[in-house]
Amino acid sequence: MDTTHLRTCPLCEATCGLEITVRDGTVHRIRGDRDDVFSRGFICPKGSTLGALHDDPDRLRRPLVRRDGVHVEVDWDEAFAEVERRLTPIREAHGPDAVALYLGNPNAHTIAGAVFNRPLIQALSTHNLYSASTVDQMPRHVSSGLLYGNPGAMPVPDLDRTDYLLVLGADPVESNGSLCTAPDFPGRLTAIRERGGQVVVVDPRRSRTAELASEHLSIRPGTDPAWLLALLHVVLRDGRQRVGLDRVSGLDALDALVTPFTPEAVAGWCGIDAATTERIAVALSDGRRAAVYTRIGTHTARHGTLSSWAADVLCLVTGNLDAPGGMMWPEPCHGRPHVPGREPGGRGFRTGRWTSRVSGHPEVRGELPVAALAEEIETPGDGQVRALITVAGNPARSTPDSARLAAALSGLECMVSVDIYLNETTRHADVILPPPSALEKSHFDFAFYGLSVRNVANYSPPVFEPTGPTEHEILARLALVVSGQGHDADPELVYGLVTATLARQATELAGGPLEGRDPDELLAAVAHLDAPERCIDLMVRSGPYGDQFGLRPDGLSLARLVDQPHGVDLGPLEPRLEGVLRTASGTIEVDHEVVRADAAELAESLTVEPDPTDLVLVGRRHVRSNNSWMHNLDVLVRGRPRCTLLVHPADAERLGLRDGESAVVTSRVGRVQAPVEVTDRMRPGVVSLPHGWGHDDDGARLQVASLRPGVNSNTLTDGAVLDPLSGNAALNAIPVTVSPA
Ligand SMILES: Nc1nc2c(c(=O)[nH]1)N[C@H]1C(S)=C(S)[C@@H](COP(=O)(O)OP(=O)(O)OC[C@H]3O[C@@H](n4cnc5c(=O)[nH]c(N)nc54)[C@H](O)[C@@H]3O)O[C@H]1N2
Ligand SMILES: Nc1nc2c(c(=O)[nH]1)N[C@H]1C(S)=C(S)[C@@H](COP(=O)(O)OP(=O)(O)OC[C@H]3O[C@@H](n4cnc5c(=O)[nH]c(N)nc54)[C@H](O)[C@@H]3O)O[C@H]1N2
Ligand code: SF4
Ligand SMILES: [Mo]
């Protein structure tokens with residue numbers, strides 16, 4: 001008997017609708033759901049592997065505890081008891097900062113990660129909070145914090161209505177998009193060109209996205225902020241600005257900031273001639289609908305925040321912020337509802353409320369840079385990290401100078417990992433707590449409905465019943481252990497707190513639709529649901545489209561989402577600046593001392609003439625890969641090796657490298673050996689290696705991945721190079737030397 005299940009793919013940010021056929025208790029087929037309101041049948045090769053992932057014999061089903069250096073299976077109570085035995089004395093003897101927490105990328109893709117990490121973070125109350133955000137998008141949070149007072153409010157390109165899309169440092173044909181949720185990104189790019197618009201891709205490599213574009217500019221890595229400021233320079237110099245918004249302050253400071261960044265001054269530095277820069281600046285400011293989209297290549301860089309800030313300011317001054325076809329803010333269905341008459345503004349944004357112990361890095365959004373985690377573990381003294389909890393993260397592969405971090409992990413007194421694999425990171429753990437597979441969880445995209453190019457909502461129930469505790473139960477029980485309530489305390493204690501907070505927030509929102517209602521009435525209305533569903537229902541019903549618990553009977557609720565398994569389309573994005581502004585002034589605050597200082601520092605580097613024989617390393621993604629953790633699926637990794645070093649023919653010639661042969665790549669911190677792929681896709685002077693590989697560590701259990709291990713590119717990236725405004729690691733433009741092996 002076949003059953004069909006419709007659900008959203010949880011693997012990347014594109015949120016594609018899947019149609020999953022189950023036969024005799026196993027996944028028989030997965031294809032794109034043609035009736036999904038957003039993805040319309042689009043699927044990538046990863047989407048159809050959820051069954052293989054579920055059935056992967058290496059995926060952990062039972063907890064592991066390390067005994068005499070070997071991981072052995074134990075039952076769940078024993079595992080939590082072990083966590084309590086090991087963690088509690090460390091916290092008691094050395095205080096809360098002795099236990100660090102690292103949250104990895106899949107937390108953005110699970111309900112547990114979105115809602116149930118909070119109690120664990122609160123219970124730990126450690127200054128040593130780290131996440132994949134500081135090897136990813138932290139610069140964009142900071143630029144939104146500075147400009148809008150709201151680090152969560154990151155505008156997205158209005159892909160379906162723009163006529164001009166400038167893409168820097170993103171390759172959405174491979175990645176399917178990031179900080180821009182758009183299933184079938186390639187189709188949406190093609191549509192821009194088909195309706196007469198243009199797509200310009202700025203990337204040191206001619207990526208597949210660049211091939212789809214109207215124009216490709218092969219920029220020198222790490223120089224995007226200078227080029228973006230040069231575009232701004234031209235717009236301001238020629239009086240081409242047309243700011244359409246009135247809640248803006250600090251624009252007067254821009255002229256001085258962009259003065260050094262003339263198209264001529266940046267031409268040699270960026271590798272883009274002045275005439276091209278002038279032409280792009282004119283196109284962006286001639287009144288057409290235009291959007292500037294920056295991503296990994298620009299954010300994981302020394303001036304990542306400055307780039308992100310400059311891209312938004314460029315849209316602001318050309319009338320393309322909060323306007324259709326420009327950069328816009330989605331209105332997620334679980335967000336805060338409209339409050340009629342509310343004055344925009346709030347408490348503003350600040351960083352540096354505390355600093356890291358060893359290097360004094362400022363806290364950003366409650367986090368310290370993960371690039372500093374190794375030194376916090378290694379350096380003795382008060383506040384030294386002695387224990388670490390990882391949740392859905394593989395920092396031994398995904399963070400800079402990761403060989404140093406891996407060595408530090410092996411010196412911890414205690415490590416606990418919530419993870420589905422015994423891999424390069426979790427092999428260091430004393431206890432591994434495996435959550436159920438993606439198909440055993442319900443799904444709701446808390447993170448991505450706020451980054452979506454259309455307002456949509458979708459809820460997916462689990463396909464299979466979980467055989468062990470759910471991920472939210474694991475997180476709740478960890479929070480209870482940490483807060484001293486014992487390894488056998490009832491997780492409902494945590495669920496109750498989380499849901500009570502949500503109900504209180506809804507009923508205490510001044511001027512909100514539920515103001516003054518009894519929170520217990522809301523809680524009673526959702527009491528019959530499981531914990532994640534209670535949270536979703538509370539947020540959706542009290543959100544901008546919600547039924548407001550009866551006040552708006554045709555409004556949205558979990559029940560309505562369940563009834564519409566192809567998703568609910570809530571329409572195109574609408575201007576909503578006033579809803580997102582949280583600056584103290586109630587305006588977009590353009591002028592910041594820290595931004596001016598960073599731009600001045602950048603201006604200094606323009607005078608340094610690049611040496612044509614210097615080599616720098618950048619990263620890349622492939623559509624059949626997903627960071628470090630999907631290489632254990634044969635269907636995805638079979639075929640030609642993909643962890644190769646791309647080298648331009650001229651560099652290959654000069655360095656004596658031959659296609660298919662091996663090269664040694666050396667940076668300040670490490671060295672790897674990888675097969676060379678000679679290709680004119682690369683800009684001369686730039687080599688490219690993907691991250692997330694290197695699956696040959698002893699003690700990991702990845703039978704398929706270990707057959708095609710590849711090499712770990714983060715052996716080369718340098719933990720000492722950060723974007724000072726955000727603490728984000730620079731993972732691109734890494735100086736390297738390359739020689740034949
Ligand atoms: N050089 C270089 N380094 C990079 C990047 C780059 O471009 N270049 N990109 C960076 C970026 S953008 C990111 S986001 C980071 C990612 O950094 P991480 O999040 O640290 O690494 P991932 O490879 O995503 O590892 C995810 C982990 O979660 C586990 N997992 C998968 N699904 C689940 C689940 O449902 N629950 C739980 N509990 N665990 C699960 C996997 O087994 C794996 O151990 O890497 C960064 N590192
Ligand atoms: N298939 C697949 N999809 C993924 C992931 C994956 O690992 N595999 N990871 C997911 C995650 S966690 C994220 S954050 C997103 C990331 O999604 P994207 O931001 O699209 O990331 P990439 O595909 O790595 O593309 C980055 C591009 O930046 C270029 N680049 C490098 N340095 C520079 C520079 O200095 N300037 C400019 N202008 N360009 C530069 C690189 O050549 C590369 O083409 O993808 C997500 N989706
Ligand atoms: S593009 Fe992303 S969301 Fe869509 S099927 Fe592929 S992995 Fe899943
Ligand atoms: Mo990411």
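- Residues that satisfy the ring-ring contact (aromatic ring centres under 6.0 Å, His included) test with H233, not counting sequence neighbours, are absent from this structure.
- We find the CH2-CG distance between W227 and L168 to be 6.0 Å, quoted to the nearest 0.5 Å.
- Rounded to the nearest 0.5 angstrom, H648 NE2 and T679 OG1 are separated by 8.0 Å.
- With rounding to the nearest 0.5 angstrom, the CZ atom of R59 is 12.0 Å from the CG atom of N632.
- Under the 3.5 Å distance criterion, with hydrogens and angles disregarded, a donor-acceptor pair is assigned to the side chains of S628 and N394.
- For the atom pair T425 OG1 and D697 CG, the distance stands at 9.0 Å (nearest 0.5 Å).
- Among residue pairs with one or both ends in residues 296-307, those qualifying as salt bridge (Lys or Arg N to Asp or Glu O under 4.0 Å) are R302-D598, R302-E601; sequence neighbours excluded.
- Between the side chains of R621 and N626, no donor-acceptor pair of N or O atoms lies under 3.5 Å.
- Side-chain contact check for S143 and D312: no donor-acceptor pair (N or O, by modelled atom type) lies under 3.5 Å.
- Between the side chains of H127 and D97, a donor-acceptor pair is found at a separation under 3.5 Å.
- Inspection of the T294 and H299 side chains reveals an N or O donor paired with an N or O acceptor under 3.5 Å.
- No donor-acceptor pair closer than 3.5 Å links the side chain of S625 to the backbone N or O of H631.
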